[in-house]
Amino acid sequence: MPVYRAPVRDHVFVINELIQFEKYAEALGYEDGDADTIAAVFEEAGRLADEVFFPINQSGDEEGCKLDNHVVTVPTGFAEAYKTYCEGGWAGLTADPNYGGQGMPQVLGVMVEEMFTAANHSLFLYMHLTHSAAHAMHGWASQELKDTYLEKLVSGEWTGTMNLTEPHAGTDLGMIRTKAEPNGDGTYSIEGTKIFITAGEHEMAENIVHLVLAKLPGAPEGTKGISLFVVPKFLPTEAGEPGERNQVFCQSIEHKMGIKGSATCVLNYDGAKGWLIGSENNGLRAMFTMMNSARLAVGLEGSGKAEIAYQNGVAYATDRIQGRAATGPVNSNKPADPIIVHADVRRMLMTQRAFSEGARALAGEIALNLDITFKSQDAEAKQVADDFVQLMTPVAKAFFTDEGFNAANATVQIFGGHGYIGEHGVEQYVRDCRISQLYEGTNGIQSMDLAGRKLSINGGRAVKTYLATADALLALHGEDAEMADFVKPMLPALESLKQATQWIMDNRAANPQNTGAAAVDYCRLFGIVALGLQWVKMARVCIDTLAAGTDEADFYQNKLVVARYYMARSLAEHSGLLERIETGADPIMALAAEAF
Amino acid sequence: MKVLVAIKRVVDYNVRVQVKPDGSGVAIDGVKMSVNPFCEIAVEEAMRLKEAGKATEVVVVTIGVEKAQDQLRSALAMGADRAIHVTTDAQMQPLGVARVLQKLVDEEQPGLVLMGKQAIDDDCSQTGQMLAAILGWPQATFAGKLEIDGDKATVAREVDAGLETLNVDLPAVVTTDLRLNEPRYIKIPDIMKAKKKPLDKRPLDELGVDLGPQLTTTKVAPPAQRQPGKKVADVAELVSELKERGLV
Ligand SMILES: Cc1cc2nc3c(=O)[nH]c(=O)nc-3n(C[C@H](O)[C@H](O)[C@H](O)COP(=O)(O)OP(=O)(O)OC[C@H]3O[C@@H](n4cnc5c(N)ncnc54)[C@H](O)[C@@H]3O)c2cc1C
């Protein structure tokens with residue numbers, strides 16, 4: 001039986017002790033940002049994740065979704081769980097109180113997502129897409145559209161979708177063909193086919209609000225000619241209730257590798273009525289507003305998966321007995337020792353834990369910077385925060401999901417052959433996590449965004465600030481003998497990141513393929529160093545807390561042990577990655593295309 | 001009718017506790033603490049009585065360390081109207097708790113006292129019974145179903161033989177069993193509301209309650225580890241093994 005307990009204590013550590021959000025709360029206008037409230041919300045989110053989301057994770061995977069005559073049935077228990085989630089006010093946790101939201105900080109909104117998606121990736125997608133749709137409408141839709149849709153999305157009574165992909169247009173959205181013809185009354189008639197639409201059809205909510213990218217007649221070629229429309233499944237009546245059925249129907253659902261509880265739909269728009277969001281031909285910008293938060297959310301699918309994989313790895317490794325510890329039996333009254341005694345099994349567990357806790361800390365810092373971006377009155381602080389978010393979002397999306405996948409895979413390894421067998425429930429994490437590396441922009445595209453656009457925008461201001469802040473952090477703690485174990489290994493790793501950054505900046509002009517060739521390694525290097533810096537900060541908090549005295553000495557001491565593991569092993573990759581980056585595109589591109 | 005609900009802060013039911021090496025108790029430093037599950041059921045039942053119009057006010061009370069305030073806040077977030085926190089660092093025992101509650105009952109004059117049938121840390125299952133006895137009130141323990149009708153309560157009790165139904169006059173003490181209800185999930189806005197609800201701190205030594213005779217714990221030990229078994233070839237060997245050990 002798979003296990004999961006939301007790591008509430010560690011969430012509290014990140015937000016209340018590491019980031020100390022309480023210090024920012026007032027200036028950012030969050031009345032309820034005190035440490036006690038944050039702890040209470042994490043506690044309750046954890047309970048929901050453990051007791052409502054997780055118990056239907058494995059069954060949802062086995063049962064999957066079904067389509068019958070345009071109607072999708074979701075797995076048993078999903079509808080009830082969705083209702084419990086909405087009733088608790090979670091759908092609008094960070095949403096604008098003017099539309100019924102709770103107005104809570106992103107440090108809560110972002111962090112609880114890790115728990116929900118870890119406990120049930122498929123189920124949480126229905127919530128996550130709704131949140132994204134509300135976010136995009138809040139930023140770009142007219143007041144009238146906001147008044148019609150936002151309250152319903154914020155309460156979760158209606159769910160949302162994002163419709164970008166078409167059969168021939170995935171990464172390259174400039175090629176989409178879905179058309180929007182003006183009806184002359186301010187509405188549009190939408191015609192076309194969208195594929196892979198998550199939560200595109202189901203009956204858990206009374207209405208579904210599709211946000212659809214389409215082209216107006218005579219629109220410019222490529223991405224400059226894309227507009228965004230809201231197309232509801234049922235047209236809202238005067239009273240704002242679901243009315244007449246709109247001409248958008250689910251034609252089929254995909255049979256896929258994982259996230260089987262999530263309905264991935266082909267949607268046919270056959271003259272469906274829609275309304276323009278934002279201005280004409282400006283659709284991608286509106287879409288990108290919500291993409292940042294959606295990408296971070298996908299990143300958390302990776303770190304959340306690492307957490308659940310780790311927990312199941314530990315449970316099995318302490319129970320399964322095979323072989324004897326290399327240092328002699330530890331379990332002499334049993335025929336063998338639990339496999340957690342073996343160094344190779346420990347290696348996998350430690351790698352998972354060092355990543356998962358490090359990623360949680362980085363997610364916390366990104367969330368804090370989102371709060372500053374949204375709420376700070378200080379223009380400079382806002383810009384620095386926004387730069388940080390822009391820079392770290394592709395890192396979180398790609399690095400977290402790659403490592404989350406590796407962690408899920410490691411748990412299958414820890415289980416041995418039993419990990420490959422469905423009933424143990426851990427192969428599901430591998431299958432589920434695989435999608436996170438693909439959707440919301442593939443990890444290759446994320447890495448190129450980082451190595452390309454994010455390094456060049458504003459003359460590389462964001463990365464320069466990031467590297468300078470990192471230097472300052474290491475200099476600050478470099479004097480302290482107790483911190484030497486953490487600062488020393490970080491110095492060469494940070495140096496590798498600087499050198500790689502410089503290499504990309506210096507070599508992108510010489511060969512246009514250099515950026516793409518370096519991108520994935522660079523993004524990984526960035527992630528490894530970024531988590532290292534988080535471990536430095538966490539080590540500081542642990543050392544200080546232990547010195548001040550605490551009744552949770554084990555918690556802090558263990559964290560220091562994990563920090564040392566990270567420094568000794570996880571970080572070590574940096575030099576190899578740098579070496580690879582500096583070889584450039586030539587070895588990759590040398591073989592003629594015809595020779596493949 | 002006012003309902004008084006007594007709750008206890010205990011080690012969370014998911015925690016596997018360890019006995020302290022010196023045998024003086026179990027280690028609870030840094031361990032996750034929660035509302036005793038049976039007490040949570042009592043709070044839920046009180047809320048249902050209030051929502052059904054049978055109760056007018058729900059007051060939660062706990063006796064314990066400063067941090068036990070978290071558990072009171074949690075009960076307030078479930079919907080209780082106000083809380084009383086009798087603060088003490090002392091290890092409380094059933095009789096002492098019953099006497100403190102008696103004092104609060106005198107002050108508050110509730111029509112019903114609801115509490116868990118037992119706490120999952122010490123499993124005493126005594127406090128409710130003791131409280132009823134010293135108040136001279138009727139008691140209905142292990143409630144699996146509770147109905148209030150005017151000044152009477154009908155309680156279906158979960159007993160070994162099945163269900164036993166009692167009618168008791170109010171005021172009474174009712175202790176709650178696992179199947180009475182399923183406690184609700186707390187809504188986020190209620191967490192905020194709970195922060196603003198009154199929480200009255202009452203230092204134990206200012207209440208002037210004689211806690212009565214105290215039990216002393218002499219030693220806490222984990223259950224003995226199971227010894228490995230041994231395979232015997234046949235009945236003859238089994239018999240001789242048993243004889244050797246003086247078992248037959
Ligand atoms: C289960 C599931 C759910 C989904 N949910 C949604 C949804 O809700 N809404 C929605 O709109 N879409 C959704 N998608 C679509 C998803 O976002 C796309 O599949 C993804 O963006 C990639 O597009 P593609 O599949 O067409 O791959 P392609 O774009 O064909 O890419 C194929 C490969 O080429 C690489 N590549 C492409 N272009 C470049 C380039 N310029 N430089 C370097 N490499 C490149 C890619 O990285 C990838 O490795 C979903 C997909 C799945 C499978």
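The analysis underlying the following values was restricted to heavy atoms, covering all of them including side chains, and did not include hydrogens, waters or symmetry mates. Predicted, not measured: the structure shown is a model, and the values here were computed from it. Below, chain A is the first sequence line, B the second, and so on; all start at residue 1.
A 6.0 Å sphere centred on CD of B:E182 holds no more than 12 heavy atoms belonging to other residues, nucleotides or ligands. More than 12 heavy atoms of other residues, nucleotides or ligands shown are found within 6.0 angstrom of CG on A:L546. In the displayed structure, B:K145 atom NZ is contacted under 6.0 Å by at most 12 heavy atoms of other residues, nucleotides or ligands. Within 6.0 Å of CD in B:Q91 there are 12 or fewer heavy atoms belonging to other residues, nucleotides or ligands. Other residues, nucleotides and ligands place more than 12 heavy atoms under 6.0 Å from the CD atom of A:Q20.
Of the two parts of B:I191, only the side chain, counted from C-beta on, holds a non-hydrogen atom closer than 4.5 Å to a non-hydrogen atom of chain A. Heavy atoms of B:R73 lying under 4.5 Å from chain A are absent altogether. Within the 4.5 angstrom heavy-atom criterion, only side-chain atoms of A:R5, from C-beta onward, approach chain B.
Residues of residues 11-27 of chain B lying within less than 4.5 angstrom of chain A, judged on heavy atoms, are B:Y13, B:N14 in numerical order. Below 4.5 Å, heavy atoms of chain B meet heavy atoms from A:E31, A:D32, A:D34, A:T37, A:A40, A:V41, A:E43, A:E44, A:R47, all part of residues 29-47 of chain A. Proximity to chain B at a heavy-atom threshold of 4.5 Å picks out A:T84 from residues 78-86 of chain A, in numerical order.
For the set B:V31, B:I186, B:D29, the count of heavy-atom pairs under 4.5 angstrom toward chain A peaks at B:I186. Top candidate by heavy-atom pairs under 4.5 Å with chain A, chosen from B:I188, B:D70, B:I28, is B:I188.
Partners of B:A119 according to the side-chain contact (heavy atoms from CB on, under 4.5 Å) rule, which considers only residues two or more places apart in sequence or in another chain, are B:K8, B:V10, B:N36, B:D121, B:D122.
The CE atom of A:M104 sits 3.0 Å away from atom CE of B:M192, with the distance rounded to the nearest 0.5 Å.
Across B:P189 and A:G88, no two heavy atoms sit closer than the pair CD-O, 4.0 Å.
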